[in-house]
Q: 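Structure incoming, see below.
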Amino acid sequence: AQSVTQLGSHVSVSEGALVLLRCNYSSSVPPYLFWYVQYPNQGLQLLLKYTTGATLVKGINGFEAEFKKSETSFHLTKPSAHMSDAAEYFCAVSGHSNYQLIWGAGTKLIIKP
Amino acid sequence: KAGVTQTPRYLIKTRGQQVTLSCSPISGHRSVSWYQQTPGQGLQFLFEYFSETQRNKGNFPGRFSGRQFSNSRSEMNVSTLELGDSALYLCASSLVQGMNEKLFFGSGTQLSVL
């Protein structure tokens with residue numbers, strides 16, 4: 001069965017610093033991988049996704065993630081944090097034939113001025 | 001184009017009551033999924049409807065049910081509410097079934113069970 005682990009329920013970085021949010025998955029075959037962002041009192045918005053092809057995926061708002069099959073990881077990064085990046089971030093996976101999304105528990109990103 | 005609309009935004013109920021939540025998908029979208037979000041648990045998949053038929057179901061008790069109408073609007077019902085049902089319930093729509101990369105979420109209904 002697929003599962004998703006997000007390391008750290010809360011991550012705090014200073015404005016301008018590197019953002020690194022970790023996501024590891026377990027799956028018998030390379031899955032489809034997603035990062036979603038949820039701003040306060042809002043629904044979820046797709047940041048980026050990996051399905052096939054290039055393993056470094058660029059998303060909106062300057063975020064990117066790299067699919068590393070050998071490490072079963074899909075970590076989310078942004079070179080320079082902005083106050084507007086404060087939100088909760090969710091990693092999710094789905095299979096190629098089973099479309100149901102399996103979600104991580106989420107990581108709250110806190111930006112310090 | 002209007003986004004996914006969920007009503008009501010907030011609900012307060014007591015144990016044992018039942019509740020109905022509504023979701024209007026983006027115009028033209030025919031698939032609607034429902035999720036339960038609780039702090040520290042992430043999102044748990046409830047069910048997905050496409051063309052008025054339930055296509056997928058998560059691991060929730062039978063107290064959780066749903067339906068989809070011919071205009072693709074969907075309702076979710078929870079009967080005999082328990083304290084643990086307090087959560088944010090999110091609805092997501094897509095053009096067709098299984099389009100995870102094209103999911104659009106509503107802002108959710110925050111349900112509090114007292």
Side-chain angles (χ1 to χ4, degrees), chain A residues 1-11 21-25 27 30-53 57-60 65 67 74 87-108, chain B residues 2-10 21-26 29-50 54-60 74 87-111:
Chain A
Q2 294 174 325
S3 66
V4 179
T5 303
Q6 290 185 240
L7 286 174
S9 60
H10 293 77
V11 169
L21 304 182
R22 298 176 189 274
C23 173
N24 288 88
Y25 67 90
S27 175
Y32 295 151
L33 297 153
F34 307 83
W35 275 100
Y36 281 84
V37 60
Q38 185 177 34
Y39 297 102
N41 299 314
Q42 293 187 29
L44 281 80
Q45 180 183 0
L46 180 66
L47 264 182
L48 49 79
K49 66 180 188 290
Y50 169 80
T51 52
T52 58
V57 180
K58 294 187 186 300
I60 61 171
F67 168 53
F74 192 56
E88 190 159 19
Y89 293 79
F90 292 90
C91 180
V93 305
S94 73
H96 294 203
S97 57
N98 177 3
Y99 299 119
Q100 183 179 327
L101 279 170
I102 308 299
W103 297 82
T107 298
K108 275 205 173 96
Chain B
V4 178
T5 304
Q6 290 188 247
T7 57
R9 186 71 181 90
Y10 300 95
L21 313 182
S22 179
C23 172
S24 293
I26 290 173
H29 284 196
R30 294 169 57 198
S31 175
V32 173
S33 305
W34 288 91
Y35 294 85
Q36 181 193 67
Q37 183 181 7
T38 51
Q41 295 287 322
L43 280 76
Q44 306 293 321
F45 173 76
L46 280 155
F47 26 65
E48 179 185 15
Y49 285 87
F50 179 72
Q54 188 179 91
R55 304 291 178 161
N56 275 302
K57 189 177 191 306
N59 190 25
F60 277 82
S74 177
L88 179 67
Y89 290 88
L90 290 167
C91 162
S93 77
S94 61
L95 274 171
V96 295
Q97 179 189 358
M99 284 186 72
N100 287 325
E101 66 269 32
K102 296 287 187 185
L103 274 181
F104 294 85
F105 282 83
S107 297
T109 293
Q110 183 68 53
L111 172 64

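So you know, we letter chains A, B, ... as the sequences are listed, proteins then strands, and number each from 1.
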Q: List the steps, then state whether side-chain contact (heavy atoms from CB on, under 4.5 Å) holds for Gln38(A) with Leu88(B).
A: CA-CA 12 Å; Gln38(A) 185 177 34; Leu88(B) 179 67; 3.8 Å; yes
Q: Between CD of Gln44(B) and CG of Leu101(A), what distance do you get to the nearest 0.5 Å?
A: 12.0 Å
Q: What residues form a ring pair (Phe, Tyr, Trp, His ring centres under 6.0 Å) with Phe60(B), not counting sequence neighbours?
A: Phe64(B)
Q: Considering residues at least two apart in sequence or located in another chain, which fulfil the salt bridge (charged side-chain N to carboxylate O under 4.0 Å, His left out) criterion with Lys58(A)?
A: Glu64(A)
Q: So what's closer than 4.5 Å to chain A heavy atoms on Tyr10(B): side chain, backbone, both or neither?
A: side chain
Q: Distance from Leu103(B) atom CG to Tyr36(A) atom OH, nearest 0.5 Å?
A: 4.5 Å
Q: Report which part of Leu90(B) has an atom under 4.5 Å of a heavy atom belonging to chain A: side chain, backbone, both, or neither.
A: side chain
